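Positions are given from 1 along the sequence. Note that this is a predicted model, so its numbers are computed, not measured.
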Amino acid sequence: MSSENQHKQKALPLPSPRHVAIIMDGNGRWAKNRGKLRIFGHQAGFRSVRRAVSLAISYRFDALTLYAFSSENWKRPTQEVSSLMELFIQALDNEVKSLNKYNVRLRIIGDISRFGERLQECIRHSEALTYNNNGLALNIAANYGGRWDIIQGVRHLASQVQDGILLPYQITEDALCRVVCMNELSPVDLVIRTGGEHRLSNFLLWQIAYAELFFTDVLWPDFDEAVFEGALNAFAQRERRFGGTRTNDTHAV
């Protein structure tokens with residue numbers, strides 16, 4: 001990671017986000033545009049992951065959450081899925097020591113039970129190695145879906161009701177917030193999606209209720225500091241009202 005960026009703190013436009021989430025889209029099209037197999041796009045996309053993490057450290061974000069593999073991605077060709085799983089293992093093996101060096105805490109959010117035992121072991125090892133770090137919280141969403149996240153939270157609350165720990169009227173937004181993924185982190189402030197699509201694709205449906213959205217046509221392997229800073233500049237221009245009225249707008253309805 002140090003080869004991508006020296007992690008010197010960068011001045012950000014204010015206000016700046018504390019928690020950024022990215023839907024990394026466009027690897028396949030990037031490869032196709034070059035007449036290559038999709039896996040080449042995923043490999044190039046991994047280099048962009050390294051850049052994004054390095055920049056997030058420099059920007060002093062609290063958290064960076066990356067959408068790596070959705071629960072719907074199992075529908076892709078078997079060979080592509082297998083290559084992605086192998087790339088995931090290689091990435092964990094090659095990067096976890098560097099993440100640990102830079103005080104990054106790595107966590108995989110999603111249902112990892114469907115992954116092979118080798119990948120699950122890599123995940124457990126990487127999470128354990130970085131568990132006590134208190135710098136950037138790096139969350140990789142793998143076999144993740146926003147609906148799955150909400151359902152697993154609801155099931156947890158239902159179990160508490162069944163066990164007499166919780167009464168039905170005590171099921172509130174705050175109660176569900178405490179059992180969905182990343183519940184202990186600051187809320188997502190900014191969602192960036194690359195690749196030109198304008199949809200959320202079942203990503204963090206609960207956690208991004210009031211996040212700002214930024215869409216770019218840039219394909220993920222071409223994501224760089226200029227694109228990232230463009231998103232941060234756009235965020236700084238937004239007025240976040242969280243359901244309230246505009247500042248000094250006494251006539252707003």
Side-chain angles (χ1 to χ4, degrees), residues 17-33 38-39 41-42 44-46 48-49 51-53 55-56 61 63-77 80-81 84 87-88 108-112 114 138-154 173 176-177 180-183 185-224 226-243:
R18 296 172 59 197
H19 187 168
V20 175
I22 305 179
I23 302 174
M24 307 179 293
D25 192 20
N27 291 345
R29 280 172 285 161
W30 185 92
K32 183 178 179 181
N33 291 344
R38 291 175 62 87
I39 188 58
H42 295 309
F46 173 67
S48 289
V49 169
R51 280 194 295 270
V53 173
L55 289 167
F61 292 155
L64 176 68
T65 300
L66 304 176
Y67 203 11
F69 190 84
S70 78
S71 51
E72 289 78 24
N73 286 157
W74 293 104
K75 301 173 185 176
R76 294 185 176 186
E80 180 181 355
V81 172
L84 279 170
L87 181 61
F88 198 4
I108 309 303
I109 62 171
D111 180 9
I112 70 168
R114 190 170 176 181
L138 175 60
N139 310 292
I140 305 297
N143 196 25
Y144 175 90
R147 292 177 176 177
W148 165 86
D149 193 358
I150 294 170
I151 289 298
Q152 64 87 25
V154 170
E173 287 190 18
L176 186 54
C177 279
V180 295
C181 290
M182 307 189 301
N183 56 77
L185 298 178
S186 58
V188 177
D189 297 306
L190 172 65
V191 178
I192 301 170
R193 178 164 188 156
T194 62
E197 303 290 354
H198 297 99
R199 56 177 177 267
L200 297 175
S201 297
N202 197 20
F203 183 48
L204 301 178
L205 299 180
W206 181 269
Q207 294 87 340
I208 63 174
Y210 281 102
E212 297 295 321
L213 308 180
F214 179 87
F215 300 100
T216 174
D217 290 337
V218 172
L219 301 177
W220 177 246
D222 294 324
F223 186 87
D224 58 15
V227 182
F228 212 155
E229 289 188 348
L232 299 177
N233 286 326
F235 178 88
Q237 301 302 313
R238 309 277 179 90
E239 183 179 350
R240 306 185 74 199
R241 301 193 299 276
F242 300 97

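D25 is linked by a salt bridge (charged side-chain N to carboxylate O under 4.0 Å, His left out) to R29, R193, counting only residues two or more places apart in sequence or in another chain. The side-chain contact (heavy atoms from CB on, under 4.5 Å) check on V49 picks up M24, F46, V53, L66, W220, with sequence neighbours excluded. Remark: A63 pairs with H19, A137, N139, L185 by the side-chain contact (heavy atoms from CB on, under 4.5 Å) rule, at least two apart or across chains. For E80, the salt bridge (charged side-chain N to carboxylate O under 4.0 Å, His left out) partners are R38, R76, not counting sequence neighbours. Residues passing the side-chain contact (heavy atoms from CB on, under 4.5 Å) test with S71, sequence neighbours excluded: N143, N202. Contacts of N27 classified as side-chain hydrogen bond (donor to acceptor under 3.5 Å, both in side chains), with partners at least two apart in sequence or in another chain: H42.
No donor-acceptor pair under 3.5 Å is formed between the side chain of N33 and the backbone N or O of W30. Remark: side-chain polar atoms of R51 are paired, donor with acceptor, to backbone N or O of P221 under 3.5 angstrom. The backbone N or O of L213 sits less than 3.5 Å from a side-chain atom of R238, completing a donor-acceptor pair. Distance alone, capped at 3.5 Å, places no donor-acceptor pair between the Y210 side chain and the P187 backbone. Proximity of a side-chain donor or acceptor of Q152 to a complementary backbone N or O of D149 within less than 3.5 Å is detected.
Atom-to-atom distance recorded for Q237:CD and E212:CD is 11.5 Å, nearest 0.5 angstrom. Put simply, CH2 on W206 and SG on C181 are 13.5 Å apart, with the number rounded to the nearest 0.5 Å. Of the inter-residue distances, the one linking T216 atom OG1 with E197 atom CD reads 12.5 Å to the nearest 0.5 angstrom. Taking OH of Y67 as the start and CD1 of I109 as the end, the distance is 9.5 Å to the nearest 0.5 Å. With values rounded to the nearest 0.5 angstrom, F215 atom CZ is found 11.0 Å from T194 atom OG1.
The minimum heavy-atom distance linking N183 with V180 is given by the pair ND2-O, 2.9 Å. Here the shortest heavy-atom pairing between A21 and V188 reads CB-CG1, 3.9 Å. Of all non-hydrogen atoms in D224 and L55, the two that sit nearest each other are C-CD1, 4.4 Å. Looking at every heavy atom in both residues, V20 comes nearest to P17 through CG2-CG, 3.6 Å. Summarising the geometry of I140 relative to F88, their closest heavy-atom pair is CG2-CZ, 4.3 Å, with the distance given to 0.1 Å. The heavy-atom pair separating A52 from L64 by the smallest distance is O-CD2, 3.9 Å.
Using cut-offs of 30° and 60° on the angle between ring planes, the pair Y144 and F203 is perpendicular.
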task = Given side-chain contact (heavy atoms from CB on, under 4.5 Å), test V191 with L204 step by step and report yes or no.
result = CA-CA 10 Å; V191 178; L204 301 178; 5.8 Å; no

